Novice: 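Have a look at the structure that comes next, please.
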Amino acid sequence: MSEVDFEPQHPRLFIPNFLSLDECRELEFIHKSSSTVGYRPNVFSTTLSHLIATNSSHFVIPFIPIRERLKDRLEEFFKCEYELFIEFTGLISWSKGASIGWHSDNNRPYLKQRHFSAVCYLNTYGKDFRGGIFHFQDGEPTSIVPKAGDVVMYTADDHNIHSVDEITEGERLTVALWFSRDGSHDEDKKLISLLSQHLLRKNVADSYIPLPASDNMYWFSHGQASDYQFGFNICWARLHVLGYDIYISQESGCESDVSELLVKPVHLVRGSELLDQEFVNIMHALQVVHFYCWKGSALLNKVSNIDSKVVKVTDVQREKISGLNSVLSNDDDFASKVFYNMLSEENGCIRFDWSGILAAVAAWKDFASNLSQQIHLQFPYWRMHESIYNVQLDE
């Protein structure tokens with residue numbers, strides 16, 4: 001489908017290939033290494049405020065040009081007389097079983113400030129997931145089949161009532177934005193306030209290591225409640241479905257509660273091998289692994305000698321790993337079903353290689369520290385103008 005707008009009584013705009021595939025992959029990396037349990041059953045979310053709260057505020061930077069382009073295009077298409085305000089920005093993924101019936105995006109009293117919506121698809125129906133087709137109740141198009149890079153914009157009122165089919169396989173990933181005419185709901189002002197609290201008490205050197213939030217934000221169970229009798233920790237699960245376990249050398253192991261385990265240094269384990277590389281916490285390890293998945297073959301063969309870095313797992317270590325797994329998951333099969341990856345190894349996360357993981361450790365650090373420097377340089381301008389935008393800094 002080419003770019004097209006539809007009849008006036010159902011104002012909406014579809015734009016194919018609005019985002020590049022690399023923009024989609026970068027946001028996928030951020031989401032899969034930072035997300036929490038979401039607002040609906042079988043849904044996971046990554047909000048900008050959550051990134052700031054977990055010491056990952058530098059991940060806000062990749063969103064900025066996308067937000068600006070979406071806002072400009074939406075204001076142009078809907079012929080907005082006055083500038084709009086971004087009310088919410090978030091990465092949202094839907095796993096098996098997630099769906100939503102007919103609704104408008106302002107269908108609650110606390111959502112009446114939402115006037116326009118934009119949904120950007122970051123992966124593709126049939127390749128990355130099945131189900132999850134978007135339907136409008138009236139007007140054309142009646143349905144939108146998600147494809148990475150495509151965007152649909154529409155009014156958030158009852159002129160654009162819509163639904164999403166149940167996900168039957170895989171994980172459907174989008175970045176969603178809502179826009180308001182009401183400046184009191186400007187997301188930027190709230191984010192700048194949060195950034196003021198977090199950035200001003202940190203220096204650039206220590207401002208990119210992720211810090212896990214409360215453990216209940218990462219605990220997924222059938223009923224979406226923090227039911228530790230059944231479910232799993234999603235940080236552990238996203239590593240587990242890629243073939244990794246974690247090992248914690250510090251004493252406490254399986255006797256610890258989950259919140260304590262999340263902040264302890266960890267090692268990555270795969271099969272009978274342990275990587276002798278300590279990560280600050282499980283989220284640090286998760287970000288490095290998904291960075292490796294994102295960057296792919298560019299990271300392979302960057303480290304020539306890894307023999308001294310890979311050791312065989314001992315029986316004592318294996319017992320401790322099993323104990324950790326029993327605390328972080330009560331049902332491994334459930335975790336695999338929720339985060340099932342439809343892609344083959346050739347098309348999805350690249351072929352496993354410890355040298356690639358080691359290369360990703362250094363490359364992730366360069367990537368994160370570069371973004372951290374950018375946000376520290378741009379933040380004074382954002383605070384001055386009460387707006388988050390791409391600041392053109394002199395070299």
Side-chain angles (χ1 to χ4, degrees), residues 19-20 22-23 25-36 45-72 85-91 175 177 186-213 217 262-263 265 278-292 294-295 299 359-395:
L19 302 182
S20 70
D22 200 54
E23 285 176 314
R25 292 295 306 276
E26 183 172 21
L27 294 183
E28 179 183 13
F29 151 70
I30 292 172
H31 179 68
K32 289 188 174 180
S33 61
S34 309
S35 62
T36 65
S45 66
T46 305
T47 65
L48 301 190
S49 58
H50 172 73
L51 291 174
I52 295 168
T54 54
N55 209 44
S56 296
S57 56
H58 50 284
F59 284 163
V60 170
I61 292 289
F63 288 87
I64 296 173
I66 295 171
R67 292 166 97 235
E68 290 180 343
R69 281 156 46 205
L70 285 168
K71 181 170 171 288
D72 289 347
F85 301 91
I86 298 174
E87 188 259 355
F88 174 85
T89 308
L91 293 164
V175 58
L177 288 87
D186 184 1
E187 180 182 43
D188 284 11
K189 292 179 181 178
K190 299 169 187 175
L191 295 175
I192 289 168
S193 176
L194 289 173
L195 285 165
S196 296
Q197 300 170 39
H198 286 267
L199 291 183
L200 294 181
R201 64 171 182 254
K202 294 183 177 293
N203 59 51
V204 178
D206 64 2
S207 61
Y208 58 84
I209 297 295
L211 298 174
M217 297 185 72
L262 293 182
V263 297
E278 187 173 83
F279 297 90
V280 174
N281 54 52
I282 191 172
M283 287 191 68
H284 180 204
L286 183 63
Q287 288 193 7
V288 168
V289 167
H290 275 286
F291 189 85
Y292 171 69
W294 170 31
K295 289 300 184 180
L299 294 173
V361 172
W364 169 87
K365 181 178 179 180
D366 290 343
F367 171 78
S369 61
N370 177 263
L371 293 183
S372 183
Q373 289 175 345
Q374 288 187 48
I375 202 168
H376 277 82
L377 290 171
Q378 296 192 49
F379 178 68
Y381 296 90
W382 298 350
R383 189 167 55 171
M384 182 189 309
H385 297 286
E386 296 187 307
S387 177
I388 295 176
Y389 63 101
N390 189 24
V391 181
Q392 298 299 318
L393 298 169
D394 295 331
E395 295 294 335

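Numbers for residues simply follow the sequence, beginning at 1. This one's a predicted model, so the numbers in the text were calculated from it and none came from an experiment.
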Novice: Answer yes or no: does atom NZ of Lys365 have more than 12 heavy-atom neighbours from other residues, nucleotides or ligands under 6.0 Å?
Specialist: no
Novice: In Å and rounded to the nearest 0.5 Å, what is the NZ to CH2 distance from Lys295 to Trp364?
Specialist: 14.5 Å
Novice: Please tell me if the side chains of Leu194 and Ser57 come closer than 4.5 Å, counting only heavy atoms from C-beta onward.
Specialist: no
Novice: Using the ring of each side chain (for Trp, its six-membered ring), is Phe367 parallel, tilted or perpendicular to Phe29, with breaks at 30° and 60°?
Specialist: perpendicular
Novice: Report the C-alpha distance between Val391 and Gln374 in whole Å, list the side-chain angles of each, state the deciding distance to 0.1 Å, and finish with yes or no for side-chain contact (heavy atoms from CB on, under 4.5 Å).
Specialist: CA-CA 9 Å; Val391 181; Gln374 288 187 48; over 6 Å; no
Novice: Less than 4.5 Å apart, side chain to side chain, heavy atoms only: is that true for Ile66 and Thr89?
Specialist: no
Novice: So Leu191 and Ser49, do their side chains get closer than 4.5 Å, heavy atoms only?
Specialist: yes
Novice: What pairs of residues pass the salt bridge (charged side-chain N to carboxylate O under 4.0 Å, His left out) test when at least one of them lies in residues 45-67, not counting sequence neighbours?
Specialist: Arg67-Glu187, Arg67-Asp188
Novice: To check you understand the geometry: which heavy-atom pair defines the closest contact between Pro62 and Pro65, and what is its length?
Specialist: O-CD, 3.6 Å
Novice: State plainly whether the residues Glu68 and Lys71 are in salt-bridge range, i.e. N to O under 4.0 Å.
Specialist: no
Novice: Would you indicate whether the side-chain heavy atoms of Ser369 and His58 approach each other to under 4.5 Å?
Specialist: no
Novice: Indicate the atoms forming the closest heavy-atom contact of Thr54 with Pro212, along with that distance.
Specialist: CG2-C, 4.4 Å
Novice: Which atom names give the shortest non-hydrogen contact between His198 and Ala53, and what distance separates them?
Specialist: CE1-CA, 3.8 Å
Novice: Are side-chain heavy atoms of Leu51 and Ile30 found at a separation under 4.5 Å?
Specialist: yes
Novice: Provide the closest heavy-atom pair for Gln378 versus Tyr389 in the form atom of the first, atom of the second, distance.
Specialist: OE1-O, 3.2 Å
Novice: I'd like to check the ring pair (Phe, Tyr, Trp, His ring centres under 6.0 Å) partners of His31; sequence neighbours left out, ordered by chain and number.
Specialist: none
Novice: Does Tyr381, at its OH atom, have more than 12 non-hydrogen atoms belonging to other residues, nucleotides or ligands within less than 6.0 Å?
Specialist: no
Novice: Tell me, do Leu262 and Met283 make a side-chain contact under 4.5 Å, heavy atoms counted?
Specialist: no
Novice: Residues in side-chain contact (heavy atoms from CB on, under 4.5 Å) with Glu386, at least two apart?
Specialist: Lys189
Novice: How close do Ile192 and Ser387 get, heavy atom to heavy atom, and via which atoms?
Specialist: CD1-N, 3.4 Å
Novice: Between OH of Tyr208 and CD of Gln287, what distance do you get to the nearest 0.5 Å?
Specialist: 11.5 Å
Novice: Between atom CZ of Arg69 and atom CG of Asn390, what is the distance when rounded to the nearest 0.5 Å?
Specialist: 11.0 Å
Novice: Where the side chain of Ser372 meets the backbone of Ala368, is there a donor-acceptor pair that is under 3.5 Å apart?
Specialist: no
Novice: Walk me through whether Phe63 and Val175 qualify under side-chain contact (heavy atoms from CB on, under 4.5 Å).
Specialist: CA-CA 9 Å; Phe63 288 87; Val175 58; 4.2 Å; yes
Novice: One pair to check against side-chain contact (heavy atoms from CB on, under 4.5 Å): Arg383 and Ser196. What are the steps and the verdict?
Specialist: CA-CA 8 Å; Arg383 189 167 55 171; Ser196 296; 3.9 Å; yes
Novice: Is the shortest heavy-atom distance from the side chain of Phe88 to the side chain of Leu48 under 4.5 Å?
Specialist: no
Novice: Which atom names give the shortest non-hydrogen contact between His50 and Ser34, and what distance separates them?
Specialist: NE2-O, 3.1 Å
Novice: Hey, is the main chain of Ile209 close enough, under 3.5 Å, to the side chain of Asn55 for a donor-acceptor pair?
Specialist: yes
Novice: Would Phe279 and Leu286 count as a side-chain contact (heavy atoms from CB on, under 4.5 Å) here? Give the steps.
Specialist: CA-CA 9 Å; Phe279 297 90; Leu286 183 63; over 6 Å; no
Novice: Out of curiosity, Asp366 CG to Phe291 CZ, how far, rounded to the nearest 0.5 Å?
Specialist: 8.0 Å
Novice: Within the 4.5 Å heavy-atom criterion, are Glu28 and Trp294 side-chain neighbours or not?
Specialist: no
